[in-house]
Protein chains: 2
Amino acid sequence: MASRSYGQYCGVTSAVELIGERWALLIVRDLLVGPRRYTDLKQGLPKIPTNILSTRLKELQEGGVVRRVPLLHCGLVYELTPYGRELEPIVLALGRWGFAAMGDPGPDDVVTVDSITMALRTAFRADAAASLPSAVYDLHVGDIVLRADVDGDDLVVTQLAPAGRPTAPGAPRRAREPDLVFAAGPGIRRVISGELTPTEAIDQEVLAVVDGDATLLERFAETFFIETAAAAA
Amino acid sequence: MASRSYGQYCGVTSAVELIGERWALLIVRDLLVGPRRYTDLKQGLPKIPTNILSTRLKELQEGGVVRRVPLLHCGLVYELTPYGRELEPIVLALGRWGFAAMGDPGPDDVVTVDSITMALRTAFRADAAASLPSAVYDLHVGDIVLRADVDGDDLVVTQLAPAGRPTAPGAPRRAREPDLVFAAGPGIRRVISGELTPTEAIDQEVLAVVDGDATLLERFAETFFIETAAAAA
DNA sequence: CCGGATCCGAATCGATACTG
DNA sequence: CAGTATCGATTCGGATCCGG
């Protein structure tokens with residue numbers, strides 16, 4: 001498989017050979033949220049051909065980025081190795097960088113649980129959050145419900161089933177009611193970029209408060225924020 | 001060209017669509033060193049097909065990552081836009097990450113000026129350098145001669161012509177003689193990873209001091225260092 | 001359902017040649 | 001110097017199929 005080598009002795013080149021193939025980094029992105037089964041990955045990457053998924057998983061294993069872990073009586077999952085997990089800050093930074101180039105969603109663009117989870121984590125401002133009171137936000141995006149639990153400079157994102165029960169194994173860190181429940185469309189991007197204030201967002205029906213104190217949206221906007229200083233030339 | 005879209009509304013996805021194509025990030029890596037002409041890029045990426053180079057440059061321009069700048073009477077250069085330059089910390093981090101996976105160079109692996117330059121910048125420890133005296137190192141790798149000028153927490157890498165004159169336009173920051181001149185083979189990787197001390201490296205003929213105070217190699221090793229904690233599983 | 005493997009047409013890549 | 005043009009070799013994408 002080294003046939004497609006770039007022929008350079010360089011760290012960047014090595015990195016790109018490991019995770020530069022098509023789809024590879026998106027697989028890593030989803031695995032950063034947690035271990036996933038083959039089928040979960042396929043669902044999270046709706047447009048990936050199954051042979052490509054299986055090829056990439058093999059390559060990522062050979063590269064020491066991903067590990068295959070059998071579950072007793074329950075199938076198996078793929079998870080990042082410690083080395084693979086070191087990509088987290090890089091993927092988050094790439095997410096922030098790419099955020100600036102995101103336009104509006106195309107007609108076929110899909111939003112997945114893992115991509116929103118990572119989006120929240122890329123947008124999370126630990127420094128800003130540290131000086132704000134803790135808060136639990138429940139965020140509805142289409143059928144997806146996520147809980148963002150902000151406690152000091154720490155963020156934990158969990159997926160909630162539409163009914164309101166966590167699906168992920170392991171209880172949420174604190175069993176408390178959300179301080180704010182709101183629904184968002186793709187326009188939430190404009191809030192996170194600071195283009196829109198929460199109030200404007202509600203006026204334009206980009207956001208809708210379902211329950212809780214609407215003024216908490218201000219805190220949300222301070223906690224989750226991506227500066228997009230430079231526009232594309 | 002959006003035909004190969006990943007179909008997700010996500011920052012990471014956007015980023016990968018902009019710079020995830022084959023060769024694209026290596027072009028960015030070379031442009032991070034400075035503006036380059038088409039021919040320079042081709043030389044720096046010896047194995048890139050010329051049609052791919054030209055396609056990528058067009059795509060990177062469309063994406064607002066790269067800009068084409070005509071030079072009066074002297075052809076033209078490609079350079080990163082401000083948005084493209086924001087990739088610098090990401091590329092450096094990727095270089096550090098990939099460094100851990102670098103084995104020994106393959107028989108066909110080439111080392112280029114720009115890749116060494118970026119390698120030095122990825123390995124540069126601003127914090128360590130800040131508490132050490134300034135120093136100028138001239139580093140010979142094959143035919144390539146680079147000058148690493150460390151001043152406090154700042155690093156400037158310039159290419160020197162084999163004879164000893166800077167080729168890059170603009171004089172080096174300070175016109176002073178190097179404190180240390182040494183030659184290195186690919187084994188310098190083991191020094192930068194801390195696998196080898198400078199003394200061991202000299203014993204094993206990985207490094208050879210050409211001129212100057214050999215004990216400065218210790219300072220070099222403290223200044224340029226990449227921790228490779230996690231081994232590939 | 002889970003975890004893939006296989007097959008095939010379409011698009012991309014790589015190598016070389018060629019041009020303003 | 002700065003690319004196009006061409007063409008065979010790969011890879012990707014989409015669909016289907018298979019063993020547990």
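Numbered from 1 within each chain, the chains take letters A, B, ... in sequence-line order.
- Counting only distance, with no hydrogens or angles, the side chain of A:T55 and the backbone of A:N51 share a donor-acceptor pair below 3.5 Å.
- Taking A:D114 as the reference, A:R36 meet the salt bridge (charged side-chain N to carboxylate O under 4.0 Å, His left out) condition, with sequence neighbours excluded.
- From A:L80, atom CG reaches atom CD1 of A:I27 across 10.5 Å, with rounding to the nearest 0.5 Å.
- Listed by chain and residue number, nothing satisfies the salt bridge (charged side-chain N to carboxylate O under 4.0 Å, His left out) test with A:D40 (two or more places apart in sequence, or in another chain).
- By the side-chain hydrogen bond (donor to acceptor under 3.5 Å, both in side chains) test, A:T117 is found to be paired with no residue, residues two or more places apart in sequence or in another chain being considered.
- A salt bridge links A:R56 with A:E59: the distance from a Lys NZ or Arg NE/NH1/NH2 to an Asp or Glu carboxylate oxygen falls below 4.0 Å.
- Every pair passing side chain to side chain donor-acceptor pair (under 3.5 Å) that includes a residue from residues 90-110 of chain B is listed here, sequence neighbours excluded: B:D104-B:R190.
- Checked against salt bridge (charged side-chain N to carboxylate O under 4.0 Å, His left out), B:E79 has the following partners two or more places apart in sequence or in another chain: B:R67.
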Which letter, B, S or -, goes with each nucleotide of nucleotides 13-20 of chain D from 5' to 3', with contact meaning a protein heavy atom under 4.0 Å? BB------
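- Taken residue by residue, residues 27-43 of chain A places heavy atoms nearer than 4.0 Å to DNA chain C at A:R37, A:Y38, A:T39.
- In terms of the side-chain hydrogen bond (donor to acceptor under 3.5 Å, both in side chains) criterion, residue partners of A:T112 (sequence neighbours excluded) are, by chain and number, A:S115.
- Following rounding to the nearest Å, A:E59 (CD) and D:dT10 (C1') show an atom-to-atom distance of 13 Å.
- Annotation: proximity of residues 68-80 of chain A to DNA chain C (heavy atom, distance under 4.0 Å) is found for A:R68, A:G75, A:L76, A:Y78, numbered in ascending order.
- One interatomic measurement links the two molecules: CG of B:L53 to P of D:dT4, which rounds to 10 Å at whole-angstrom precision.
- Listed by chain and number, the residues in a side-chain hydrogen bond (donor to acceptor under 3.5 Å, both in side chains) with B:E227 amount to none (sequence neighbours excluded).
- Sorted by first then second residue, the ring pair (Phe, Tyr, Trp, His ring centres under 6.0 Å) pairs that include residues 11-65 of chain B, not counting sequence neighbours, are A:Y6-B:W23.
- Not one side-chain nitrogen or oxygen of A:K58 sits closer than 4.0 Å to the OP1 or OP2 atom of C:dG3.
- Looking at A:R22 and A:I52, their side chains never come closer than 4.5 Å, going by heavy atoms from C-beta outward.
- With A:F124 as the fixed residue, the ring pair (Phe, Tyr, Trp, His ring centres under 6.0 Å) test singles out one of A:F220, A:F224, A:F225, A:Y137: A:F224.
- For the helix from C:dC1-D:dG20 to C:dG20-D:dC1, the angle separating the two terminal helix axes comes to 30°, with each axis derived from five pairs and the value rounded to 10°.
- Rounded to an integer number of Å, the gap from B:L60 CG to D:dG3 P is 13 Å.
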